[in-house]
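These notes are about the structure you will find just below.
These numbers were taken from a predicted model, which means no experiment stands behind them. Proteins get letters first, then strands, A, B, ... in listed order; numbering begins at 1 in each.
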2 protein chains.
Amino acid sequence: MNLPIYRYLFNQLKDKILRGELKPGDMLQSENELAQQYSTSRLTVRKSLSMLDNEGFITSFPGKGYYIIEPDHSKYTLLFNELNSGSKNTLYSKLLGVDATDPDATICQKLQISCDHKVVVILRLLYSNEGPIAYDIKYIPYDRGRPIVEKAIEYAALPDMVAKKSSPFAIKKELCIYIEKSNPEINKSLCLHESEPLLVVEQSLYDYENKPIGLGKTYYGGEHGKIRAYSNMRE
Amino acid sequence: MNLPIYRYLFNQLKDKILRGELKPGDMLQSENELAQQYSTSRLTVRKSLSMLDNEGFITSFPGKGYYIIEPDHSKYTLLFNELNSGSKNTLYSKLLGVDATDPDATICQKLQISCDHKVVVILRLLYSNEGPIAYDIKYIPYDRGRPIVEKAIEYAALPDMVAKKSSPFAIKKELCIYIEKSNPEINKSLCLHESEPLLVVEQSLYDYENKPIGLGKTYYGGEHGKIRAYSNMRE
DNA sequence: CAGTGGTCTAGACCACAGT
DNA sequence: CTGTGGTCTAGACCACTGA
């Protein structure tokens, strides 16, 4: 075993928590006790404990000690990329059109711009080998001097389109998932009956000052609209 | 300022990354350089860098150095709790019924049990001051000796119903969000037209051995079915 | 008061990259 | 070879909690 001591201690404690030997609310041994028990230094023990802290198992209170946390069961991780839907099938993207247009009121409001501000609209159809999967619309405020039509717009996800200025880390993102009851034009593009409801994933991007810099809507029809999320403290 | 050194250095570096002064792929100064530059010890510098690592800004390679990461724009955090939908309104829960029944084939498959295995079914209606919001069904395999009908089943979320054995940390959770085209019985409960499509959030729970221990379906109608997720590296 | 966690120092040895 | 990050020790002082 070349397992470092801090790693070993971390595993030991995590195991006790996952097996239920240590329950939410319980207090751990003190740093000094653990250091003695595992014949190591206090700093090594602290490393293990800080890892457990980072992974959401414990908290510490100065002067008191370390305590097992009550886990938050409402938190999930959601992976979304309009061009890479769940990876069940390779997705292809077909550019239907790019336009600089006057946006309607809804879009203006969501992008927090006035109605005479031009907006670049990008329409794409996403499909797999078996046929169309989704219909995708992007709205990006048009700013003079900042060319929007980047290289390979056909194959870029929204964050990569707008993350040019400043840092790609500074972007704030939001998703909203909801139903839109049939949209004749989109349903036709997706080869669906007109009455078919669509699952919409609406993606909003904000820059460092919380100014909207992009809005994307991806419409999934039929059996393709399955959004998945997961949560697992064991890995 | 009582800001600890490691905190100060962390802020400095994070700022440089968020402002775009340090871009993905760039290499940071070495630990020793930073320690000299900020007149501190190598360990203090390491603390700052490990925090940046934990938050997904940098990685390190032994013998090489620290590098700014290419951020993953597909990762979101989704908060879901059937009893606490977005917190726009206080939710109330009304128990419609609890039954131990023979499950149908779909449920058997999802719970990985044989069709003669009894399943506890819990039906609830979730509503706000303004009316019904969602229809909620839980399926929990019935095991002799493990009483399912816990205290306050009316007001418990699925993870809290099944997280009795072992540890609440050991549970693995999955969500699947999709459309179900009208379900007359449910639509009636929610005071909707029969043709109205429903947004379904299906929650699957697994125990330590990845055995299914609970299945929940929450049906949202009309404007209530808006699932939100977010991602923000700035906080 | 003694014990706890929070911060920090000044060393040490190792495996690893690149020259 | 030198410099890098990875691990670890043996101290230190502080602010905090509870008896």
Item checked: Atom pair distance, as rounded to whole Å: CG in B/L49 and P in D/dG5 -> 8 Å
Protein-nucleic acid N or O pairs under 3.5 Å, nucleotides 15-19 of chain C:
none

Next item on the list: Rounded off to whole Å, could you give me the CD-to-P distance for the A/Q36 and C/dG3 pair?
Entry: 12 Å
Note to self: Would you say B/S60 places a side-chain N or O within less than 4.0 Å of OP1 or OP2 belonging to D/dT4?
What the structure shows: no
Check: Side-chain N or O of A/R46 less than 4.0 angstrom from OP1 or OP2 on C/dG5?
Finding: no
Note to self: What I want to check is whether the side chains of A/Y206 and A/Q112 have a donor and an acceptor closer together than 3.5 Å.
What the structure shows: no
Check: Where the side chain of B/Y66 is concerned, which of D/dG5, D/dC8, C/dT7 is the nearest nucleotide?
Finding: D/dG5
Next item on the list: In whole angstrom, give the distance that lies between atom OH of A/Y38 and atom P of D/dC8.
Entry: 14 Å
Next item on the list: Starting from P on D/dG5, measure out to CG on B/L52 and report it in whole angstrom.
Entry: 13 Å
Notebook entry, point to check: Going from CD1 on B/I113 to OH on B/Y142, what distance comes out if it is rounded to the nearest 0.5 angstrom?
Noted result: 13.5 Å
Notebook entry, point to check: Does A/K211 pair with A/E209 as a salt bridge, N-O distance under 4.0 Å?
Noted result: no
Notebook entry, point to check: Between D/dG5 atom P and B/K47 atom NZ, what is the distance in whole Å?
Noted result: 18 Å
Item checked: Value rounded to 0.5 Å, distance of CG in A/L28 from CZ in A/F57 -> 12.0 Å
Check: Does A/N32 place a side-chain N or O at less than 4.0 Å from the phosphate oxygens OP1/OP2 of C/dG3?
Finding: no
Check: Under a 4.5 Å cut-off applied to non-hydrogen side-chain atoms, are A/Y92 and A/N129 in contact?
Finding: yes
Check: Under 4.5 Å between any side-chain heavy atoms of A/E202 and A/L215, yes or no?
Finding: yes
Margin query: Would you say that B/T40 contacts B/L9 through its side chain, given a criterion of any heavy-atom pair below 4.5 Å between the two side chains?
Written below: no
Between the protein and nucleotides 9-13 of chain D, which nitrogen or oxygen pairs are less than 3.5 angstrom apart?
from: D/dT9; atom 1: OP1; to: A/T40; atom 2: OG1; distance (Å): 3.4
from: D/dT9; atom 1: OP2; to: A/T40; atom 2: OG1; distance (Å): 2.5
from: D/dT9; atom 1: OP2; to: A/S41; atom 2: N; distance (Å): 2.8
from: D/dT9; atom 1: OP2; to: A/S41; atom 2: OG; distance (Å): 2.9
from: D/dT9; atom 1: OP2; to: A/T44; atom 2: OG1; distance (Å): 2.9
from: D/dA12; atom 1: N6; to: A/R42; atom 2: NH1; distance (Å): 3.3

Notebook entry, point to check: If you round to the nearest 0.5 Å, how far is CD1 of A/I213 from CG of A/L205?
Noted result: 5.5 Å
Item checked: A/E31 CD - C/dG3 C1' separation (whole Å) -> 11 Å
Next item on the list: Check the distance between C/dG3's P and A/L34's CG and give it to me in whole angstrom.
Entry: 16 Å
Check: For D/dC16, which nucleotide in any strand shown is its Watson-Crick or wobble partner with both distances under 3.5 Å?
Finding: C/dG3
Contacts table for residues 30-39 of chain B: side-chain donor-acceptor under 3.5 angstrom, sequence neighbours left out:
from: B/S30; atom 1: OG; to: B/E33; atom 2: N; distance (Å): 3.2
from: B/E31; atom 1: OE1; to: B/R42; atom 2: NE; distance (Å): 2.5
from: B/E31; atom 1: OE1; to: B/R42; atom 2: NH2; distance (Å): 3.0
from: B/E31; atom 1: OE2; to: B/R46; atom 2: NH1; distance (Å): 2.7
from: B/E31; atom 1: OE2; to: B/Y66; atom 2: OH; distance (Å): 2.7
from: B/E33; atom 1: OE1; to: B/S30; atom 2: N; distance (Å): 3.2
from: B/Q37; atom 1: OE1; to: B/Q29; atom 2: NE2; distance (Å): 2.4

Next item on the list: May I have the distance from B/E33 (atom CD) to D/dT4 (atom P), rounded to whole angstrom?
Entry: 6 Å
Note to self: Can you work out whether A/P4 or B/Q29 has the more 5'-proximal nearest nucleotide on DNA chain D?
What the structure shows: B/Q29
